[in-house]
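Please read the structure below before turning to the comments.
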Amino acid sequence: MAKRGALVGLDIGTTKVCVIVAEQSEDGEVHITGMGTSPSVGVRKGVVVDLDATTRAIEEAVDKAERMAGLRLSAAVVGVSGGHLASQNSRGEAARMAAVPASDREIVHLLPRDFVVDGQDGVKNPVGMYGTRLEVEAHIVTGASTLLANLLKCVQRAGLECDALVLEPLASGEAVLSPAERELGVALVDIGGGTISLGLFASGGLCYTAVLPYGGNHVTNDIAMGLRTSFADAERLKIRHGCALPRQVGEDELIEVVHVGSHELRVAPKRALSEIIEPRVSEMAGLVKAQCGRSGWAYRIPAGLVVTGGTALLRGLPDLISERLGIAVRVGVPDVPGSMADTVSSPAFATGVGLVLHAVRQRRVGRSLNGNGTVYGRVR
């Protein structure tokens with residue numbers, strides 16, 4: 001198989017750092033060749049709060065990925081999240097579309113959605129067309145300059161250059177959404193450990209973005225408090241026995257709980273665990289519903305909602321969100337060929353896989369990786 005060079009995605013999340021290494025063949029197929037993960041302890045709600053801890057986590061994940069892929073990594077496409085991100089849709093003359101943010105903010109993406117040639121809208125690619133006036137409708141994403149700089153500093157201290165910063169729901173969408181869903185209109189909800197990233201897609205492109213400061217760790221904290229156990233044991237219970245709908249749990253099912261501060265085991269009904277989880281997941285669904293309503297695009301998602309991220313593995317979560325929002329919900333799982341397909345075939349790796357797929361898409365159309373003419377690499 002003829003290859004076109006390695007592509008690297010770096011997902012720095014609240015609970016884990018994930019590095020995905022892929023290669024693209026001459027015929028366009030993308031094959032995952034390496035992966036490395038490490039616990040993330042220096043990130044809170046998508047934002048770096050400890051430079052040293054985050055750098056060490058990146059180094060550990062990179063080392064594992066390098067050993068699996070059998071090569072040295074020098075640069076990566078980096079995912080970005082956090083409540084400091086904001087977005088807007090803007091329309092103006094293509095030659096004058098400056099979109100200058102405030103002095104304390106920086107453009108992450110400037111994504112053209114449609115072009116207007118001499119008043120004719122709906123033009124996807126104006127290259128080669130005749131016209132006297134060209135306008136563009138674009139989706140603009142900005143972030144806090146200092147917080148983006150801290151993220152880049154960790155990446156560079158770990159020995160990598162940043163080819164581009166890519167918004168998390170944009171990356172995840174590459175991995176789990178079909179072209180038909182993007183065109184018809186769909187909501188993507190990526191539930192990580194510390195944040196919920198929402199992306200609304202319509203007419204083939206991203207039209208609304210929001211990041212909410214809630215995630216799977218909130219569920220784990222509720223379990224720890226409700227069952228009086230440690231955070232680590234609460235996480236274990238959530239992963240092994242958690243369910244977002246109590247009615248899906250048998251009344252006679254039991255679980256063993258380790259009492260906080262001791263090794264003492266006690267038995268508790270599994271339904272009690274589910275009854276702790278349900279209110280928090282319902283609250284998250286309500287926040288997503290409210291955000292969709294505020295976006296003004298809620299009527300443009302007939303394809304329903306796709307939920308991904310590690311928390312999407314929680315049993316009953318899609319059913320509860322579907323009931324709460326009144327729309328069809330499915331779990332988004334990356335679908336890539338190759339021997340490592342099964343390894344990354346999980347919602348937890350949607351962003352990591354999507355980062356390399358985003359790089360492939362931009363390479364194919366000859367655009368800069370982040371879509372605004374800037375390649376990130378140096379902290380100013």
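Heads up: numbering here begins at 1 and tracks the sequence. In what follows, every heavy atom counts, from backbone to side chain, and hydrogens, waters and symmetry copies are set aside. The model shown is predicted, which means the values in this text are computed figures rather than measured ones.
One distance of note links CD1 of Ile223 with CZ of Arg228; it measures 14.5 Å at 0.5 Å rounding. His84 contributes atom NE2, which lies 8.0 Å from atom CZ of Arg105 (distance to the nearest 0.5 angstrom). Rounding to the nearest 0.5 Å places NE2 of His241 at 6.5 Å from CD1 of Ile255. Rounded to the nearest 0.5 Å, atoms CG (Leu357) and CG (Asp335) are 10.0 Å apart. The distance from atom CG of Leu212 to atom OG1 of Thr195, rounded to the nearest 0.5 Å, is 8.5 Å. For the atom pair NE2 of His109 and CG of Leu167, the computed distance is 5.0 Å after rounding to the nearest 0.5 Å.
Put simply, the side chain of Arg324 never gets that close to the backbone of Glu283: no donor and acceptor are under 3.5 Å apart. With hydrogens and angles ignored, the 3.5 Å screen pairs a side-chain donor or acceptor of Thr229 with a backbone N or O of Val258. With hydrogens and angles ignored, the 3.5 Å screen pairs no side-chain donor or acceptor of Ser81 with any backbone N or O of Gly46. Using modelled atom types, one side-chain atom of Thr54 and one backbone atom of Gly42 make a donor-acceptor pair closer than 3.5 Å. In this structure a side-chain-to-backbone donor-acceptor pair under 3.5 Å is present from Ser145 to Asp104. Side chain of Ser172 to backbone of Pro169: no donor-acceptor contact under 3.5 angstrom is found. Between the side chain of Ser282 and the backbone N or O of Glu278, no donor-acceptor pair lies under 3.5 Å. Between the Ser322 side chain and the Pro318 main chain, no donor and acceptor come within less than 3.5 Å of each other.
Residues Asp52 and Arg157 meet the side-chain proximity criterion, which asks for heavy atoms closer than 4.5 Å. Leu148 places a side-chain heavy atom less than 4.5 Å from the side chain of Val80. Residues Met35 and Phe349 form a side-chain contact, since some pair of their non-hydrogen atoms from C-beta on lies under 4.5 Å apart. Residues Asp233 and Val257 have side chains not in contact (no heavy-atom distance under 4.5 Å, counting atoms from C-beta outward). For the pair Val8 and Val62, the minimum side-chain heavy-atom distance is 4.5 Å or more. Inter-residue side-chain proximity for Gln248 and Asp319 is flagged as met; some heavy-atom pair is nearer than 4.5 Å. Side chains of Val336 and Val30 form no contact here, defined as non-hydrogen atoms less than 4.5 Å apart. Looking at heavy atoms from C-beta onward, Arg182 lies in side-chain contact with Glu174 at the 4.5 angstrom threshold.
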Full working for side-chain contact (heavy atoms from CB on, under 4.5 Å) between Leu170 and Leu111
CA-CA 11 Å; Leu170 184 64; Leu111 304 169; 4.1 Å; yes
Mind running side-chain hydrogen bond (donor to acceptor under 3.5 Å, both in side chains) on Glu60 and Ser38 for me, showing each step along the way?
CA-CA 6 Å; Glu60 182 181 342; Ser38 64; 4.6 Å; no
Applying salt bridge (Lys or Arg N to Asp or Glu O under 4.0 Å) to Arg266 and Glu264, what does each step give before you reach the verdict?
CA-CA 7 Å; Arg266 69 179 189 278; Glu264 178 186 348; over 6 Å; no
Run Glu253 and Arg271 through salt bridge (Lys or Arg N to Asp or Glu O under 4.0 Å) and show every step you take.
CA-CA 7 Å; Glu253 294 185 68; Arg271 182 168 287 189; over 6 Å; no
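Nearest heavy-atom pair across Glu66 and Arg72 is OE1-NH1, 3.5 Å. The two atoms that bring Lys238 and Val219 nearest to each other are CD-CG1, 3.8 Å, heavy atoms only. Closest approach of Ala138 to Leu110, counting heavy atoms only: CB-CD2, 3.7 Å. When all heavy atoms of Ala359 and Val77 are compared, the closest pair comes out as CB-CG2, 4.0 Å. Pairing each heavy atom of Ile277 with each of Ala244, the nearest pair is CG2-CA, 4.0 Å. Of all non-hydrogen atoms in Val331 and Ala312, the two that sit nearest each other are CG2-O, 4.1 Å.
At most 12 heavy atoms of other shown residues, nucleotides or ligands fall within 6.0 angstrom of atom NZ in Lys289. Around the CZ atom of Arg280, the shell of radius 6.0 Å holds more than 12 heavy atoms that belong to other residues, nucleotides or ligands. Around atom CG of Asn221, more than 12 heavy atoms belonging to other residues, nucleotides or ligands sit under 6.0 Å away. For Lys16, the NZ atom counts as densely surrounded, since its 6.0 Å shell holds more than 12 non-hydrogen atoms of other residues, nucleotides or ligands.
Partner Pro334 forms a side-chain contact (heavy atoms from CB on, under 4.5 Å) with one of Val176, Ile32, Ile20 and no other, that one being Val176.
Grouping the Ile, Leu, Val, Met, Phe, Trp and Tyr side chains by contacts below 4.5 angstrom, directly or via other members, places Leu85 apart from Leu147. Put simply, Leu198 and Val306 are part of two different groups of oily side chains (I, L, V, M, F, W, Y) that touch within less than 4.5 Å, one to the next. Both Val189 and Val329 are members of a single hydrophobic cluster when ILVMFWY side chains are connected at heavy-atom separations under 4.5 Å. Under a hydrophobic-cluster definition in which Ile, Leu, Val, Met, Phe, Trp and Tyr are linked whenever side-chain heavy atoms come within less than 4.5 Å, directly or via other members, Leu177 and Val288 are assigned to different clusters. Hydrophobic clustering, with ILVMFWY side chains joined whenever heavy atoms are under 4.5 angstrom apart, keeps Leu355 apart from Ile191.
If you check the side chains of Asn217 and Thr14, you find no donor sitting under 3.5 Å from an acceptor. Side-chain atoms of Ser203 and Arg300 include a donor-acceptor pair closer than 3.5 Å.
Between His218 and Tyr214, the two ring planes are tilted [angle within 30° to 60°].
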